[in-house]
Amino acid sequence: MKQATTGLLLVVSGPAGVGKGTINAELMKRHPEVRMSVSATTRAPRPGEVEGVHYFFKTPEEFRRMIDEDAFLEYMHVFGMNYYGTPRAYVTEQLALGNHVILEIDVNGARKVKQSFPEAIRIFIAPPSLAELRARLEGRGTETPEQIERRTQEAYAELKDMPNCDYVIVNDDLETAVRELEAIVAAERCSVPHNTEVINNFLGGIES
């Protein structure tokens with residue numbers, strides 16, 4: 001009898017500048033069975049964007065119909081203009097194929113995903129300290145001092161969400177952070193909730 005083969009939904013959140021994207025990209029580079037979730041949006045495609053790769057592009061009417069059909073794990077209406085959401089069908093299809101899906105999202109979206117998909121694994125990427133996070137933001141050279149101050153305050157508010165997550169990874173060293181994320185995936189694949197079929201087969205007396 002084999003280990004469970006369905007994939008995991010990894011909901012990764014954390015403050016801006018903490019390195020979520022870098023960690024996730026490295027995990028996908030090392031493990032081809034790990035995919036990034038593809039969101040749906042009502043905004044127009046930008047040059048070079050491909051349908052089904054960067055986004056699923058929808059009309060406002062299509063998006064609202066999907067909302068009515070409960071077709072999203074989470075969605076948001078940004079500034080009353082464009083909709084963005086995580087299609088449930090894409091995620092469940094990838095998981096059924098045995099692929100792990102990463103959903104990189106803010107803490108509010110992560111809460112909504114956990115509510116609509118309790119099997120999701122919430123992982124918080126934290127900085128070594130707020131001072132280090134500020135230094136990283138300053139090092140990017142893309143934001144004004146006022147913007148960096150606002151980002152730091154937002155980060156402090158987001159850090160309060162850590163107790164609601166399943167795991168916390170402190171991104172002090174990229175290699176260590178990636179290995180810790182790999183360890184989470186390995187452990188969750190062996191978890192009892194992820195192996196109910198295996199357990200039921202044994203308890204039901206079915207020979208492998």
Side-chain angles (χ1 to χ4, degrees), residues 1-15 18-40 69-75 85-128 158-208:
M1 188 178 299
K2 295 182 179 180
Q3 196 82 37
T5 56
T6 54
L8 304 169
L9 176 57
L10 310 172
V11 182
V12 180
S13 55
V18 79
K20 301 183 296 295
T22 303
I23 294 171
N24 291 335
E26 187 62 28
L27 184 71
M28 289 189 291
K29 185 167 69 176
R30 299 182 188 187
H31 300 276
E33 74 279 12
V34 179
R35 312 292 172 84
M36 185 65 70
S37 176
V38 180
S39 298
E69 295 170 351
D70 193 29
F72 292 108
L73 294 179
E74 59 80 35
Y75 71 91
T86 303
R88 187 185 301 272
Y90 175 83
V91 171
T92 55
E93 176 185 284
Q94 291 299 316
L95 298 183
L97 291 172
N99 296 320
H100 305 311
V101 179
I102 295 176
L103 178 52
E104 188 177 311
I105 196 170
D106 65 25
V107 296
N108 291 324
R111 291 193 198 101
K112 294 177 182 177
V113 172
K114 189 70 172 181
Q115 290 170 355
S116 61
F117 199 93
E119 307 96 309
I121 301 158
R122 289 196 60 189
I123 303 166
F124 194 97
I125 309 297
E158 288 181 288
L159 287 165
K160 295 179 181 178
D161 191 57
M162 285 192 288
N164 301 317
C165 297
D166 300 300
Y167 298 93
V168 174
I169 294 175
V170 176
N171 186 20
D172 193 14
D173 172 76
L174 176 60
E175 179 62 27
T176 300
V178 174
R179 288 183 179 178
E180 289 174 344
L181 186 51
E182 288 176 319
I184 290 170
V185 172
E188 285 291 335
R189 285 195 71 251
C190 299
S191 68
V192 168
H194 199 62
N195 285 275
T196 53
E197 183 178 350
V198 173
I199 294 168
N200 290 338
N201 282 342
F202 275 116
L203 296 182
I206 300 175
E207 295 184 0
S208 58

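Residues T176 and V170 have side chains not in contact (no heavy-atom distance under 4.5 Å, counting atoms from C-beta outward). Between P127 and L159 there is a side-chain heavy-atom pair separated by less than 4.5 Å. No side-chain heavy atom of V91 sits under 4.5 Å from any side-chain heavy atom of L103.
In this structure, the separation between CG on L181 and CD1 on I125 is 6.5 Å, given to the nearest 0.5 Å. Considering CE of M162 and CD1 of I123, their distance stands at 14.5 Å, rounded to 0.5 Å. To the nearest 0.5 angstrom, L9 atom CG is 12.5 Å from N99 atom CG. One finds the OG atom of S37 at 7.5 Å from the CG atom of L73 (value rounded to the nearest 0.5 Å).
Note on residues 159-171: pairs passing salt bridge (Lys or Arg N to Asp or Glu O under 4.0 Å), not counting sequence neighbours, are R111-D161, K114-D166, R122-D161. For the ring pair (Phe, Tyr, Trp, His ring centres under 6.0 Å) condition, no pair includes a residue of residues 104-124, sequence neighbours left out. The salt bridge (Lys or Arg N to Asp or Glu O under 4.0 Å) pairs that include a residue from residues 95-107 number zero, where partners must be two or more places apart or lie in different chains. Applying the salt bridge (Lys or Arg N to Asp or Glu O under 4.0 Å) test to every pair with at least one member in residues 91-100, sequence neighbours left out, gives no pairs at all.
With sequence neighbours excluded, the residues satisfying salt bridge (charged side-chain N to carboxylate O under 4.0 Å, His left out) with E175 are R30, R179. Looking at residues two or more places apart in sequence or on another chain, you find a side chain to side chain contact (heavy atoms under 4.5 Å, CB included) between S191 and E188, P193, H194. When the side chain to side chain contact (heavy atoms under 4.5 Å, CB included) test is applied to V34, the partners found at least two apart in sequence or on another chain are L27, M28, H31, H100, I102. Among residues two or more places apart in sequence or in another chain, the ring pair (Phe, Tyr, Trp, His ring centres under 6.0 Å) test is passed with F72 by F63. Applying the ring pair (Phe, Tyr, Trp, His ring centres under 6.0 Å) rule to Y90 yields the partners F56; only residues at least two apart in sequence or on another chain are considered. Residues forming a side-chain hydrogen bond (donor to acceptor under 3.5 Å, both in side chains) with S13 (at least two apart in sequence, or on another chain): none. In terms of the side-chain hydrogen bond (donor to acceptor under 3.5 Å, both in side chains) criterion, T22 has no residue partners (sequence neighbours excluded). Residues satisfying the side chain to side chain contact (heavy atoms under 4.5 Å, CB included) test with A177, not counting sequence neighbours, are I23, I169, N171.
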Q: Show your reasoning for whether side-chain contact (heavy atoms from CB on, under 4.5 Å) applies to E74 and N108.
A: CA-CA 10 Å; E74 59 80 35; N108 291 324; over 6 Å; no
Q | Full working for side-chain contact (heavy atoms from CB on, under 4.5 Å) between I184 and L8 | A | CA-CA 10 Å; I184 290 170; L8 304 169; over 6 Å; no
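Counting only distance, with no hydrogens or angles, the side chain of K20 and the backbone of V12 share no donor-acceptor pair below 3.5 Å. Remark: the backbone N or O of V198 is not paired with any side-chain donor or acceptor of N195 at under 3.5 angstrom.
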